[in-house]
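Residue numbers count from 1 along this sequence. Please read all numbers here as calculations on a predicted model, not as lab measurements.
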Amino acid sequence: MSIPGHQHLRQWAVLAAVLFLVACGETSQQPAAPAAEPGLQAFTADMQHVDGFLPFYLDRKKGRVYLSVPPGTLEMIYQASLPQGVGSNDLGFDRGQLAQNGTSLVRFEPVGDRVLLRRMNTAFRAESESAAERQSVQEAFASSVLWGFPVVARDSARNGADDSARLLVDATEFLLRDSHGIARKLRERKQGDFQHDASRSGLYYPRIKGFPRNTEFEATVTFTGDNPGNFLKDVAPDPHSFSVRMHHSFVALPEPGYEPRVFLPDSGYSDFSYRDYAAAIDEPVVQRYIRRHRLEKQSPGAELSEPVEPIIYYLDPGTPEPVRSALLEGARWWNDAFVAAGYENAFRVEMLPDGADPMDVRYNVIQWVHRATRGWSYGYSVLDPRSGEIIKGHVTLGSLRVRQDYLIAQGMTSPFIEGDEPAQAISDMALDRIRQLSAHEVGHTLGLAHNFAASAQDRASVMDYPHPRIALDADGGITLDGAYDRGIGEWDKLTIHYGYADFPTEGDEREGLAAFLRDARADGYEFISDPDSRASRHAHPRSHLWDNGADAVAELERLIDLRDHALGRFGANTIANGRPFSDLEEVLVPVYFYHRYQAEAVGKWIGGLDYRYAVREDGNAYRYRPVSPVRQRRALLALMRTLRPEFLALDESLRRSIPPKAYGYERSRESPEGYTGRQLDPVSLAGASVQHTLDILLEPERLARIALQHADDSAHIGVGLLFAQLQENLLPTVTEDGYLALLQQR
């Protein structure tokens, strides 16, 4: 029998005894200490160690990779890329594509149980010896933390909180992420709602490598999602699930010794710029330099010298012949420019060695890239974000470009009289274009910008976009001889001299470069680039894409006559035996619109402005001027010719020679659109041509310039005269019913 209250007394007694033991330190139940991170050696016992710039460990059983992060805040270069693409020009995820957010200056920063990968903001800086000044700018602008790596082990010799410990971090999720922003870009382009699927992604071991000055990683990344768009459906075997490979390069900063070279607007180079808040008050905050490779003479001051290190480009071994030889030849043209700048054997092009990874930053590469549809080629560079030094040139050449040039030449010449003869002249012209394309894109990776005025200077640069200069021969036939130029241009030699020539001192360099550009202008060379050239609304009278000749009007009139001649021959002789006649539809398009780019060049005379990228020198003044009234009237009359029914019409026999698509063949994006179903719609072809001319003439910025020029000088054409000419040419002149009347109505 228990006494009431005694049970509670016993419980209080036990509690008091426990508290007494704790206070005396005699209890055996100590609080659990945090588990110590394992030592690096113990954690990696069964893993493959790969040495290099950033040593790492591969756990092949679990499919994981662990980076050995050095102590401190070592800065390095990080570059992401896409070694395996999607194959759609419209989506833009091409094999070999470098990440569009550019090259990053990064560093690892240990923070407790994580290591942050911070991208430094190199666009804003203080080029100063004062640490306080540099810090003030760093603290004024944001940086970006790209990733937080979990620490899994520490160097056993330094285990603990010592900041000098070498840490091992798990980099697997970083490598398997969507580093190229593919899911976001698919959403932006309305091509589906996708996300990367970690369960279907993994490391790609053949291209995970370590080298003394760079470490390379690669992973297969799979995306899954709903509502795939047509562009994705065209190229993915399962548009709801597709896989690409993503590459990651960590690169040691270049060795000291690179000297940046000043950028001038008419130097022909793309600029590398940043804002320097330590600049003197009388100096601009924005500092501008050119992008270029490091190149030094073995014998400084010698007129001709071997380089300390040559610039070597490597061609993709997946390029077939005869394209391979054409690409090698075109890229090698640049050596002539380096010889002219004082270097011997400074620029070489070779085949990529067996086993070499084209994404490895040690190799400047020219890649041959396939897509489902024809598209652009590109010349990218991996830059040192601090100086603009080019570390790696990376060229992407679209494989279907050569076929488009073949199509143009086929339509212009109609060479198949018997139907089975070889069309060697057509193939030769297409390969000449490939040579030029190779030189052009390599030029970008050497630092050069487009020069769209070069075609008006007798094709002075491969950095223009060339239009094939097809012509009539003495017998009245069409010849392809010289359609594309061969060899480096004179302007290209000048630009390489500007960027790479050797100067004894910095003062000699600045004075020499400015004098060099003055001499180039005096010799008649001109540089006008993308912002003043790409759109038909632009005003420079000599800077256009896909044009020829200094006299744009004379060239348009020549092309109109050439087009008429080609359309007169168009028909059965245009295609080889075994091809369906319905293929003529796609061949017709580039012939019918053969004049379109030259028409844009002519349009820029109307309301045009003659100017250059002028820089004040020796106190000289500068004035731009409008294109002369006489030239503007010539241009207006030439464009009116493209609005006449006789220009727009297709002969009835030609129209009847193109039947609807043969069974098994489908219309493509190269096929003309229309309202007549499967039948070729010649009226819509004419409508598209007329619309092109009207878009040029009635562009709002052009009309505003015309009005302003006429207000300053009544000799200029004025908007009233422009509309009077349009009224005269667009009002019906064909009275009888028929095909021409239908064109007039449209």
Side-chain angles (χ1 to χ4, degrees), residues 408 411-412 467 535-538 544-547 552-553 555-568 570 585-607 632-652 654-655 658 669-677 679-703 706 717 719-746:
I408 293 171
M412 293 299 294
H467 196 267
S536 63
R537 70 178 182 274
H538 290 149
H544 326 289
L545 287 62
W546 316 112
D547 71 312
V553 170
E555 180 66 8
L556 176 61
E557 291 169 343
R558 189 187 74 84
L559 292 191
I560 289 175
D561 293 341
L562 186 66
R563 171 185 176 274
D564 288 345
H565 188 90
L567 289 175
F570 199 91
E585 189 175 29
E586 285 73 33
V587 187
L588 174 65
V589 171
V591 179
Y592 189 82
F593 293 103
Y594 193 68
H595 66 291
R596 65 194 184 280
Y597 295 114
Q598 198 66 37
E600 292 181 9
V602 170
K604 291 181 183 178
W605 284 23
I606 303 172
Q632 294 201 37
R633 289 171 187 269
R634 278 186 63 209
L636 182 58
L637 292 175
L639 287 178
M640 291 302 115
R641 187 175 171 185
T642 67
L643 300 177
R644 296 171 187 165
E646 295 78 12
F647 171 85
L648 302 166
L650 293 175
D651 184 82
E652 183 178 1
L654 188 158
R655 290 184 274 130
I658 307 177
R669 64 194 311 162
E670 306 291 348
S671 306
E673 298 179 352
Y675 298 99
T676 55
Q679 177 189 7
L680 173 71
D681 185 352
V683 180
S684 288
L685 273 179
S689 182
V690 169
Q691 188 63 55
H692 181 66
T693 299
L694 293 180
D695 286 344
I696 295 170
L697 291 171
L698 301 180
E699 205 289 319
E701 292 180 14
R702 174 162 290 108
L703 294 178
I706 291 172
I717 59 177
V719 175
L721 177 59
L722 170 61
F723 276 90
Q725 285 290 320
L726 286 175
Q727 182 177 10
E728 180 179 334
N729 282 271
L730 292 178
L731 288 180
T733 58
V734 179
T735 56
E736 68 276 7
D737 292 336
Y739 172 52
L740 291 181
L742 193 60
L743 293 182
Q744 187 87 65
Q745 289 176 348
R746 179 61 64 88

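- With rounding to the nearest 0.5 angstrom, the NE2 atom of H544 is 9.5 Å from the CD atom of E600.
- The OG1 atom of T693 sits 10.0 Å away from the CG atom of L730 when rounded to the nearest 0.5 Å.
- One finds the CD1 atom of I717 at 11.0 Å from the CZ atom of F723 (value rounded to the nearest 0.5 Å).
- For L740 against A649, the heavy-atom pair with the smallest separation is CD2-CB, 3.7 Å.
- If you look at H692 and F593, their ring centroids are not closer than 6.0 Å.
- Residues I696 and I606 are not in side-chain contact: their nearest non-hydrogen atoms beyond the backbone lie 4.5 Å or more apart.
- Taken to the nearest 0.5 Å, the CE atom of M640 stands 6.5 Å off from the CG atom of L722.
- Counting heavy atoms from C-beta outward, L650 and F570 have side chains that stay 4.5 Å or more apart.
- A donor-acceptor pair shorter than 3.5 Å can be found between the side chains of S671 and E586.
- For E652, the salt bridge (Lys or Arg N to Asp or Glu O under 4.0 Å) test picks out R656, with sequence neighbours left out.
- At least one donor-acceptor pair closer than 3.5 Å links the side chain of R702 to the backbone N or O of G603.
- Summarising the geometry of R596 relative to P590, their closest heavy-atom pair is NH1-O, 4.4 Å, with the distance given to 0.1 Å.
- Proximity of E673 to S684: side-chain heavy atoms (C-beta onward) are nowhere separated by under 4.5 Å.
- Smallest separation of non-hydrogen atoms from A635 and V553: CA-CG2, 3.7 Å.
- Taking the ring pair (Phe, Tyr, Trp, His ring centres under 6.0 Å) definition, one finds that Y739 meets it with nothing, sequence neighbours left out.
- Here the side chains of V591 and M412 are in contact, with some heavy-atom distance below 4.5 Å.
- In terms of heavy atoms, A535 sits closest to K604 at O-CE, 3.4 Å.
- Comment: D561 engages R641 in a salt bridge, judged by a side-chain N to carboxylate O separation of less than 4.0 angstrom.
- Between R644 and N729, the shortest heavy-atom contact is NE-OD1, 4.0 Å.
- For the pair D547/E555, no side-chain contact is recorded, criterion being any heavy-atom separation below 4.5 Å from C-beta on.
- Using a 4.5 Å heavy-atom threshold, the side chains of L721 and R633 count as touching.
- Contact of the H595 side chain with the S689 side chain is registered, since non-hydrogen atoms from C-beta on lie closer than 4.5 Å.
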Does the side chain to side chain contact (heavy atoms under 4.5 Å, CB included) test come out yes or no for L648 and Y592, once each step is laid out?
CA-CA 9 Å; L648 302 166; Y592 189 82; 3.8 Å; yes
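- Atom OG of S536 sits about 11.0 Å away from atom CG of L545, to the nearest 0.5 Å.
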Run the numbers on R563 and F647 for side chain to side chain contact (heavy atoms under 4.5 Å, CB included), then give the verdict.
CA-CA 10 Å; R563 171 185 176 274; F647 171 85; 3.2 Å; yes
Please test L685 against L588 for side chain to side chain contact (heavy atoms under 4.5 Å, CB included), starting from the C-alpha separation and ending with a verdict.
CA-CA 10 Å; L685 273 179; L588 174 65; 4.0 Å; yes
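- Closest heavy-atom contact between G411 and A566: O-CB, 4.3 Å.
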Apply the test side chain to side chain contact (heavy atoms under 4.5 Å, CB included) to residues R558 and Q598: give CA-CA distance (whole Å), side-chain angles for both, the deciding distance (0.1 Å), then the verdict.
CA-CA 10 Å; R558 189 187 74 84; Q598 198 66 37; over 6 Å; no
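- Inter-residue side-chain proximity for Q632 and L637 is flagged as unmet; no heavy-atom pair is nearer than 4.5 Å.
- With sequence neighbours excluded, the residues that form a ring pair (Phe, Tyr, Trp, His ring centres under 6.0 Å) with H467 are Y594.
- With values rounded to the nearest 0.5 angstrom, D681 atom CG is found 7.5 Å from Q679 atom CD.
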